[in-house]
Structures are given as structure tokens and as C-alpha cells.
2 protein chains.
Amino acid sequence: MDESQLLGFFKALADANRLKIIGLLSQENFTVEQLAAMLELRPSTISHHLSRLAKAGLVSARAEGYYNLYRLETSKLESMARQLLSRESLPAVAADVDLEAYDRKVLTDFSNPDGSLKIIPAQRKKLMVILRHIVNSFEMDVRYPEPEVNQILARFHEDTATLRRELVGAGLMERERGKYWRV
Amino acid sequence: MDESQLLGFFKALADANRLKIIGLLSQENFTVEQLAAMLELRPSTISHHLSRLAKAGLVSARAEGYYNLYRLETSKLESMARQLLSRESLPAVAADVDLEAYDRKVLTDFSNPDGSLKIIPAQRKKLMVILRHIVNSFEMDVRYPEPEVNQILARFHEDTATLRRELVGAGLMERERGKYWRV
DNA sequence: TAATTAATTAGATATATATCGAAATAATTT
DNA sequence: AAATTATTTCGATATATATCTAATTAATTA
């Protein structure tokens, strides 16, 4: 669901010692002291790691008399793994990304301030962006005679013949008996 | 399988922008330039992220004429997610961890150089470590009379009565009609 | 109550790395 | 061949964070 939850999950596990802690807790519950001895780290360091894991919901502590017993939250681990396997969660991660940014960039790169084109892009990928933009200057369900088409295309570039041909070739317009229309 | 492979997987995804790249590539293949425009980062930065993802096997590049089209390796993603769900892979992450380190630490903390105990630990968890150590001084399948038990325990601590009681209480030894034996 | 002990928090340091700009490569178009 | 373009690599910088020691807190035992 939450994209920052996925990030927190990965960040929590992106450390060799935290991974080992998870591995150990998957077999048995341990205290901070025990983990510190086994991993040859200071208790304060272990405490830090455990708090990061706890913040991600991957471990929890139970006060056992004198000390804190930490245990693995296997359900959390499973639910995150399952999220990775689901088809919806990945696209959701990029939900707030501006997908049109590239098209806008191409448009600005190739356009003069008055809206005309500096040059016609040679690359297919960029030409398509430009063509999709140009075709918006034609209304739907209107059949344009060739001179009128040229007049509109001339706003963008003097080589109207190339633009006409590319628009048809790209499948954005169609032609029959000297008339053109959007598809 | 490989524990460092799991770590590489998590490190590769433990970054907000790399996660977004994965999210975008889960919908469509993109070039470096396109990703750079959409994420508002420099192409060199995107290239760096993609190389980290590629090293983890999560994306791959296909030379498409002029540019490189990157695509998501969904099979890799799935196999890693499945590894998280399997029961064996987690313990394997901690395979090289010294599980006895804590017991050794307790033993050293409470023992004098000659092997006798400074004090008998009050805490259950530590007392158990000491008792499991002491019981090794008794042979299996031998029935010891109480004076002999005391003689052996005296090597560890003068309060042999407490040690005797705790060994039986912990279920490490049993007693019947004045004789003691290991279980 | 005083002393011991486990755990956490705070502060400091050193390492890792995300990001950028510039340079180098590689491929394409003119 | 020269110029353009996409990508990668390199070097530098700034940020994040793993780890330690020291101090603090909380709980237990003597």
C-alpha cells in the first residue's frame, strides 16, 4: 500500500548486521546482550539496529523480567514479501512521478519561443513526441484539404511535406483522395 | 541461497529514487534520459542507480539503436521475494554467526582463572549457562553419592548445596535415594 | 537503601554513498 | 569526416548512518 513503507522495509534490511539479527531471531528470541556477544558489537549498537528494525515493524520487544526479549515479526516479513509479488504495489511506488516530464523536455528543447520547431528531430522517440504535440492542432472528425493542412503545419516548420508524411506514417492522421483527418 | 545476495538485493532497493525507477520500469521500458527527466535527476545519477540495480540483477539494458532501453527483471524480483517467504533462507543468513559467544562471555565473566566461580549468577539466563557448564564435570550413566557430588561441585563454589539444588531444579541432574545422575 | 545490571539515548567520528559537473566513450546523423 | 547525442566513468562534495564511548534510565538484587 504505502510506498514509503516499502522503502522503510528495504532500508531496515539493507545492513549486514541487521540481516544477521533477523536471521538469528528467525531461530530463537534473544536479548540485546546476547545479540551483542554473538555479533561482536556493543549493546548500544545492537540497540540502535533493533530500534530501526522495530520502526519498520520487523521485530518487537517483550519485557522478560529483567531484560528485553526481542522477537521477529514474521507476519510483517511475510506481508512485505507478498507485496513484492503482487502486481499493484510496484507501480504504486512511482505513483507521484511526473510521467510527462520527458515529453515536455523534448518539446522545449526543439521549440522556439513562438512555438515553431528549431529542427525536426531525427530520432524516432523524440519525433513521436513532437508529432503527438502537433496533431493536437487538428480537430477531431474534420477532413482537411491538403493546402489547409500545410497552412497549419507551417506554423511549426517550413518542411510541411515531411511533417505530413510523418504524421501519416506514425498513424496519427490518415489520408484519402487529397483529404486528411485525425485518427 | 547466498546470504550476500540477499544483502545486495536489499541495498539495491534501499533508496527512494531506485525504488521509483523500479516502479516505473514495472510499467514500461525506459531510457536513461527519460528516467532522468521524470525523476528530475541528472543522467549520470540515473546511470549510477541503474548500474547498482543491474549489479543486483534487478534490471538489464538492451541497446536500442541509439540508446539503451532498460527493463525490469521481474523474475529476479520474484525469486528474491519467494526466498523471503521460505523458511530456510533466513537462518542461513546467520549461518556464520558464533552462537556460543554469549555463553563463553558469561562463563569468563563469572569464572576465576582456576575455573572456580566468583559468584553464582542470580539471573536465570546466566545461571543456566553456568549450570550447563558445570554438569559436564559429571559422567553420563554414573550414579554419584552425595558426598562425591559435593566434592566435584566444590571445585566451582563453596555453596555446593545451592549448586546441587539448581542442577536438579534445572532438570540437568536427577536424584533418588541419595544418589545423583545426569539426564 | 545501595549496588549491580540491561537497555537506551546522546554525542562524536569515520565510512558509505547519492548527487552533481566534467570528461570520456560510443553510436548516429549531417 | 565533423558534429550531435546518449550513456558511462571519474572526481569532488555533501549527506546519511554504523559504530563507539559515555551518560542516563529502569529494573533487580544484596
Side-chain angles (χ1 to χ4, degrees), chain A residues 7-8 10-21 29-37 39-56 59-70 102 105-106 109-110 118-127 159 162, chain B residues 7-8 10-21 29-37 39-56 59-70 102 105-106 109-110 118-127 159 162:
Chain A
L7 180 59
F10 286 122
K11 290 184 100 165
L13 295 175
D15 175 272
N17 286 319
R18 282 200 290 272
L19 256 193
K20 285 180 187 170
I21 289 175
N29 296 343
F30 288 110
T31 67
V32 173
E33 241 196 341
Q34 290 176 310
L35 293 168
L39 296 181
E40 297 176 350
L41 291 172
R42 298 288 144 163
S44 62
T45 303
I46 299 292
S47 200
H48 164 247
H49 284 316
L50 286 170
S51 91
R52 294 212 52 167
L53 290 169
K55 194 177 292 181
V59 306
S60 64
R62 180 165 53 89
E64 174 80 5
Y66 205 138
Y67 23 72
N68 269 0
L69 260 193
Y70 277 88
Y102 176 74
K105 180 176 182 302
V106 171
D109 285 354
F110 283 86
K118 294 175 189 166
I119 60 165
I120 300 175
Q123 291 182 52
R124 186 97 239 121
K125 189 170 50 127
K126 294 183 173 177
L127 180 58
D159 187 355
T162 296
Chain B
L7 180 59
F10 287 122
K11 290 182 99 164
L13 295 177
D15 176 272
N17 285 319
R18 282 200 291 271
L19 257 194
K20 285 180 187 171
I21 288 175
N29 296 344
F30 287 110
T31 67
V32 174
E33 241 196 341
Q34 289 177 309
L35 292 169
L39 296 181
E40 298 178 348
L41 291 171
R42 299 286 142 166
S44 63
T45 303
I46 298 292
S47 197
H48 165 247
H49 284 315
L50 286 169
S51 93
R52 294 212 53 168
L53 290 169
K55 193 177 293 178
V59 307
S60 65
R62 181 166 53 88
E64 174 82 6
Y66 205 138
Y67 23 70
N68 268 359
L69 258 194
Y70 278 88
Y102 176 74
K105 181 177 183 300
V106 171
D109 286 353
F110 283 87
K118 294 175 188 167
I119 60 165
I120 300 175
Q123 290 181 53
R124 187 96 239 126
K125 189 170 49 131
K126 295 184 172 176
L127 180 58
D159 186 356
T162 296

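Order of the sequence lines fixes the chain letters, A, B, ..., with proteins taken first and strands second; residue numbering starts at 1 for each chain.
Between A/Asn17 and D/dT19 there is a side-chain N or O to OP1 or OP2 distance below 4.0 Å. For D/dA16, the OP1/OP2 oxygens have no side-chain nitrogen or oxygen of A/Lys11 closer than 4.0 Å. In this model, the phosphate group of C/dT8 is approached by a side-chain N or O of A/Tyr70 to a distance below 4.0 Å at OP1 or OP2. Checking the phosphate oxygens (OP1, OP2) of C/dA18, no side-chain nitrogen or oxygen of B/Thr45 falls inside 4.0 Å.
Using a 4.0 Å heavy-atom cutoff across all strands shown, A/Lys125 reaches no nucleic acid atom at all. Within 4.0 Å of A/Leu41, counting heavy atoms only, lie sugar-phosphate atoms of the nucleic acid but no base atom. Within the 4.0 angstrom heavy-atom criterion, no nucleotide atom of any strand lies near A/Arg124. Residue contacts for B/His48: at a heavy-atom cut-off of 4.0 Å it reaches a base atom on one of the strands shown.
Between the base of D/dT21 and the side chain of A/Ser44 there is a donor-acceptor pair shorter than 3.5 Å.
The distance between atom CD1 of B/Ile46 and atom P of C/dT19, rounded to the nearest whole Å, is 8 Å. Atom CG in B/Leu7 sits roughly 13 Å away from atom P in C/dA16 (whole-Å rounding). Atom CZ in A/Arg52 sits roughly 16 Å away from atom C1' in C/dT8 (whole-Å rounding). B/Leu69 has its CG atom 16 Å from the P atom of C/dA27, to the nearest Å. Nucleotide C/dT28 holds its C1' atom 14 Å from the CG atom of B/Asn68, rounded to whole Å. Rounded to an integer number of Å, the gap from A/Phe10 CZ to D/dA16 C1' is 19 Å. C/dT19 atom C1' lies 14 Å from atom CG of B/Leu50, rounded to whole Å. Spacing between atom OH of B/Tyr67 and atom C1' of D/dT8 amounts to 18 Å, rounded to whole angstrom units.
In terms of position along DNA chain C, the nucleotide closest to A/Thr31 lies nearer the 5' end than the nucleotide closest to the other residue of the pair A/Thr31 and B/Asp15. When each of A/Arg18 and B/Ala61 is assigned the nucleotide of DNA chain D with its nearest heavy atom, B/Ala61 is the one assigned upstream, toward the 5' end. Nearest-nucleotide positions on DNA chain C for B/Arg42 and A/Ser51 put A/Ser51 closer to the 5' end.
Closest approach of A/Leu35 and A/Ile46 over heavy atoms only: CB-CG2, 3.9 Å. Annotation for A/Tyr102 and B/Ala37: closest pair CA-CB, 3.6 Å, computed over non-hydrogen atoms.
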How does protein contact run along nucleotides 24-30 of chain D, one letter per nucleotide 5' to 3', with B for base contact, S for sugar-phosphate only, - for none, heavy atoms under 4.0 Å?
-> ---BSSS
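Under the 4.5 Å side-chain criterion, counting only non-hydrogen atoms from C-beta, A/Gln123 is in contact with A/Lys126. Contact annotation: the side chain of A/Phe110 approaches that of A/Ile119 to within less than 4.5 Å [non-hydrogen atoms, C-beta and beyond]. Residues B/Asn17 and B/His49 form a side-chain contact, since some pair of their non-hydrogen atoms from C-beta on lies under 4.5 Å apart. Two residues are said to be in side-chain contact when any heavy atoms from C-beta on lie closer than 4.5 Å; B/Thr31 and B/Asn68 fail this criterion. The closest side-chain heavy-atom distance from B/Lys11 to A/Phe10 is not below 4.5 Å.
Side-chain proximity of A/Ser47 to the nucleotides C/dT8, D/dT17, D/dA18 is greatest for C/dT8.
Proximity of a side-chain donor or acceptor of A/Arg18 to a complementary backbone N or O of A/Leu13 within less than 3.5 Å is not detected.
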